[in-house]
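Step one of this worksheet: look at the structure below.
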Amino acid sequence: MIEAAYAHRRIDLMSWTTYRDRLAEDPVIFLPVGALEQHGPHLPMGCDAILAEAMAARVADELDGLQLPALRYGYKSQARSGGGQIFPGTTSLDGATLTAMVRDILREVVRHGARRVVIVNGHVENQWFLTEGIDLALRELAHAGTSMKVVRCEYWNYTPQSVLESMFEGAFPGVDLEHAALLETSMMLALHPQLVELAALPEDAPGAFPGHDVYPQDGRGVPASGVLAPARAASAEKGVTLIESTVAAMVKALRCEFVL
Ligand code: ZN
Ligand code: MN
């Protein structure tokens, strides 16, 4: 999604000459990563990428950074965090593909002269493949006698505990089960209400899973709607609080990390 207020930071929307000139200031480059994955009957399937992109855009704006176009596909959905690969529409990459994409993009931005990158992840299942892509890129760079600093983060880890506690009244189900639930629905209502179909909010019970995963995936424990925890208390107001508090914490952490 292109948000007009942040479009001037988007590398894909600028000329190569503008990009070259901006790189001379050694900006932090943001790469949002999401997934194309079912998010219940009420949210668009690009939700994880849309939210990662929105967080990255706001943080980049505060830190005078630049933003790469998001990776809008991610690693395979898992039952306990996204309902699994059993829904039409969920369109996932092999781990090696995602790893290679991250490695290739890092290799390219280093060639451009960038040395500071933040990968903002919006899809639980991506985490270790992003790490692997970073690791392979850094190993290759070390062989070539150069280096860069990469931060990989899941944006939800910055949301203050106090905010979560107030929203869930002490009953926070955990980030994994929050798939297409209160948090994502609220943030989507705040950002893109036209993409949320509130009338389609499901009434089914939350996901109930054993402590293990079974393959081939058979959908056991996954609610038929694909929504893993209750979303009915979602609101745009909560979404604004979530986005603002998360962005503020992320800005603070990255200022410290990059000495900005
Ligand atoms: Zn999601
Ligand atoms: Mn996801």
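In each ligand, atom 1 is the first atom listed, and ligand 1 is the first ligand listed. Bear in mind the structure is a predicted one, so any value in this text is a computation, not a measurement.
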Please lay out, stage by stage, how Gln217 and Tyr215 fare under the test side-chain contact (heavy atoms from CB on, under 4.5 Å). CA-CA 5 Å; Gln217 294 179 338; Tyr215 302 94; 4.0 Å; yes

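- Looking only at atom types and distance, the side chain of His42 has a donor-acceptor partner in the side chain of Thr185 under 3.5 Å away.
- Distances from the Zn ion (ligand 1) to each N, O or S atom of Glu184 single out OE2 as the nearest.
- Within Asp48, OD2 is the N, O or S atom that lies nearest to the Mn ion (ligand 2).
- Per residue His123, closest N, O or S atom to the Mn ion (ligand 2): atom name ND1.
- Counting just the N/O/S atoms of Asp48, the one with the shortest distance to the Zn ion (ligand 1) is named OD1.
- Residues Pro32 and Leu68 share a closest heavy-atom pair of CD-O, 3.4 Å.
- In this model, no donor atom of one side chain and acceptor atom of the other lie less than 3.5 Å apart for Ser77 and Gln85.
- In summary, His179 places no N/O/S atom under 2.8 Å from the Zn ion (ligand 1), failing the contact criterion.
- His112 and Tyr19 have perpendicular rings, their planes meeting at more than 60° on a 0 to 90° scale where under 30° would count as parallel.
- Taking the Mn ion (ligand 2) as reference, Glu37 places its N/O/S atom OE1 nearest.
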